[in-house]
Amino acid sequence: MSGTHLNRRAFGRLLAAGAGAAALAACGGSSTPGRNTPLRISAINHVWSQAVQKRLPEFEDSIGRRVSMQLLTADQLSSSYNVKLNASANDIDVMMVRALQEQLLFARNGWLTDLSDLVADQEFDWADFQDAPRQRSITRDKVLSVPVVTERPALYYRKDLVDGPPATLDALREEAFRLTTADRFGYVGRGQRSGAVTQWSSFLYSFGGDFTTADGGSGIGSPEAVAAYRFYGELLDRAGPPGATNMSLEQAMPIFAQGKAAFYIDADAIYSNFLDPAISTVQEQVGFAPFPAGPAGSKPHNIPSWSVGINQFSMLKDEAWQFIQWVSGPQMVTELQAAGIPGARSSAWEDPSTLTAFPADLAEAMRINAENGIGHDRPEVIQVGRARDIVGRPLVAGIIGQDVAPVAAEAHAEFADFLVRDNRQQEF
Amino acid sequence: MSGFDRSNRRLRWLMLAPALGFVGLMIVFPLLFTLNLSLTDAFGAVNAGKGYNAGQNYLDALGDGRRFWPAVWRTVYFTVGAVVIETILGLAIAMLMRKPFRGMRVVRTILMVPLLATPVAIGILWLLILDPTNGIANHLLGSVGIPPQEFLGSVSQSLPVLMLIDVWQWTPMMALLLLAGLSTLPEDPEEAAQVDGANAWQRFRYVILPGLWTTLMTALVLRAVDALKTFDILYATKGAGGGSDFEVETLNVYAYGLTFDYQEYGLAAAVLVLFTLFIVGVVVLLRRRSREASV
């Protein structure tokens, strides 16, 4: 019986030993990683990431360490950061982020490493980055990310249906209505409440509005914003496909690619889909044009859609910075741009060899849109998700044929309250 | 108490310790953590500085007529609608399959197919079928002269369509559970009723149904809890926020959005606590009804 006898003290010791062992095991991961630990990169599943992934062996050889690159959708990537970084995880070293969507929040959370001293390296040539994307990389005077992919809207149109691209939004609407038939839509575009906001932003600016006013209040109740809401809603309601309010890029793009729509406005970065015979039936008919002018001129967005930063909890910050230097250096950006992926370095845009990668009319459209471009495509706040949900509601009302004005007035009041709360959160 | 009894009792606790530790770590701790979080103003990051806000999150949630209460209503509407149809259809199928027939195995295997598919795959499958422009559903409707429908692209049709997809997926499970219950019922009472002149409906209503009641209520509780918590198919077909007009935003989808899209962790935790209490309430109510009926 002595073998099963366990007194209170022995029982306590056993529990303490177990707890101690568990604590030691939990602390075991905090030591410096060995040479076998890979540099971990979390990235969006995008042509840029795929092109970089193919060249990774070259980088691995230069740093003598394996690189593991995980490709996710934008939503998955964002959720993965929220889950992992809330737990101060160090299994992400390089983070691909949307400067306009997440950077302010991540800066508030202290999740991004300050790169200010690193980008100051003359060889890196930080000044070579276009002004708008560069400014979006800076939060509270700290450089927290480096832009790698830029984006503007392009007007995709069917050359076989119109003599030339419409130069104004009024002409676009008129043509779209005229070309709408039983088996063809005059216009297709994003209609989801949140997803449509970024593309609608160019309509908003071209009507003379913005998400916020100069003093930081809500701008979506202005006559210009209401006119832009009404215009976009009517365009999709009368010339767009059924079920447009459930459409984001993934649903809208195939409709144009399959020859079922006359016009489509979306990111210029997706142009290659319309030239790919596996996806597109309009390879010969597709034309590319700058964003049409509204009452306030042609004012498309020109934004850094994707940037790279370093996880504050990373144990491999030096290697992570080496990766960023490699991937956003002048040579790589020029090479990627020559392969059709628009970057953020001025030197790459000035290099004539990079423009030959794009169809001539697209290259011209990109140049014009970049010149006229505005550096944001969504409200510049911490809680971008909630802001987009509020701003997008009048868009949906317009698309389903409701009167936009009362919904816009309601959204305006809600957005004004939201901005006050969001401003409070920005005190960090 | 002898020394042997005392040491035996300690040993018993020691043997139970791994299981208790697991339950504590995996169930009790997350619940307490969520409860604690729900009383704070946590925003942005869970580990960022936060303070207790005296139940403000609960007041905000319960006073939110724009998102919270409509989400409660949609959760109830979806659950009641789907579960009632699944129960009726499941019972009908189970009654039809009660007696052996030729090809029974094949039919049972086909019935299992929707259960085996993952909800995300089902969501994508139905998105393709119901696509308003390119989907086969509108093509078929058009061939019989019915105008094209927007289905999941419509603000008003989305929730009923998703209920029907849920019915398509989960009716077989109800049928199989009820079939298992039916197979345990003795045949004598039914035969005696038949001899006494009871018709088919009377035999079903007064003989079969009372015998099946316990199984039926158990199946109902299991399915209702599962339907209340539905998330994957809603998210896979309508995305964040339950669609452009929040048309399929149930409590689960709302709590997910508060967490991952808005980073309002305190409010999200409060919604989850209220949601958990709601589910517990539904289970208690169904169990009580089940006991009352079986007494």
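We name chains A, B, ... by the order of the sequence lines, and we start the count at 1 in each one.
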Exercise. Lys260(A) and Asn134(B): side-chain contact (heavy atoms from CB on, under 4.5 Å), yes or no, with the steps?
Worked result: CA-CA 10 Å; Lys260(A) 293 191 173 178; Asn134(B) 298 317; 2.4 Å; yes
For this session: For side-chain contact (heavy atoms from CB on, under 4.5 Å), just list the numbers for Leu258(B) and Arg386(A), CA-CA rounded to whole Å, side-chain angles, deciding distance to a tenth of an Å, and then say yes or no.
Result: CA-CA 9 Å; Leu258(B) 285 172; Arg386(A) 195 181 265 283; 3.6 Å; yes
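Side-chain atoms of Ser244(B) come within 3.5 Å of backbone atoms of Thr245(A) as a donor-acceptor pair (strictly under, hydrogens ignored). A distance-only check finds no donor-acceptor pair linking the side chain of Ser78(A) to the backbone of Asp261(B) [under 3.5 Å].
Contact annotation for Phe185(A): only side-chain heavy atoms (C-beta onward) come within less than 4.5 Å of a heavy atom of chain B. Neither the backbone nor the side chain of Gln251(A) comes within contact range of chain B, judged by heavy atoms closer than 4.5 Å. With a 4.5 Å cut-off on non-hydrogen atoms, Glu410(A) touches chain B through its side chain but not through its backbone. For Ser158(B), no part sits under 4.5 Å from any heavy atom of chain A, backbone or side chain. For Phe151(B), no part sits under 4.5 Å from any heavy atom of chain A, backbone or side chain. Interface remark: Ile382(A) contributes side-chain atoms only to the contact with chain B (heavy atom separation under 4.5 Å).
Separating the CG atom in Asp131(B) from the CD1 atom in Ile255(A) is a distance of 6.5 Å, to the nearest 0.5 Å. Separation of atoms CZ (Phe260(B)) and OG (Ser80(A)) is listed at 10.0 Å; rounding is to 0.5 Å. Rounding to the nearest 0.5 Å gives a distance of 4.5 Å between OG1 of Thr133(B) and CE of Met247(A). A distance of 4.5 Å separates CZ of Arg393(A) from CZ of Arg66(B), quoted to the nearest 0.5 Å. Note that the CD atom of Gln263(B) and the CG atom of Asn86(A) stand 8.5 Å from one another [nearest 0.5 Å]. The distance from the CG atom of Leu105(A) to the OH atom of Tyr262(B) is 14.0 Å, given to the nearest 0.5 Å.
More than 12 heavy-atom neighbours from other residues, nucleotides or ligands sit within 6.0 angstrom of CH2 on Trp168(B). The environment of Ile136(B) atom CD1 is sparse: at most 12 non-hydrogen atoms of other residues, nucleotides or ligands sit within 6.0 angstrom. Atom OH of Tyr52(B) sits in a sparse spot, with 12 or fewer heavy atoms from other residues, nucleotides or ligands closer than 6.0 Å. Atom NZ of Lys229(B) sits in a sparse spot, with 12 or fewer heavy atoms from other residues, nucleotides or ligands closer than 6.0 Å.
Classification of Glu247(B) and Arg193(A) as a salt-bridged pair fails, no side-chain N sitting under 4.0 Å from a carboxylate O.
At a threshold of 4.5 Å between non-hydrogen side-chain atoms, the residues Asn109(A) and Phe43(B) do not count as touching.
Between Trp111(A) and Ala45(B) the shortest heavy-atom distance is CZ2-CB, 3.7 Å. Residues Pro132(B) and Gly243(A) share a closest heavy-atom pair of CG-CA, 4.2 Å.
Note: Asn246(A) leads Asp75(A), Asn82(A), Asn246(A) in heavy-atom pairs under 4.5 Å with chain B. When each of Ala244(A), Ala196(A), Gly385(A) is checked for heavy-atom pairs under 4.5 Å with chain B, Gly385(A) comes out on top.
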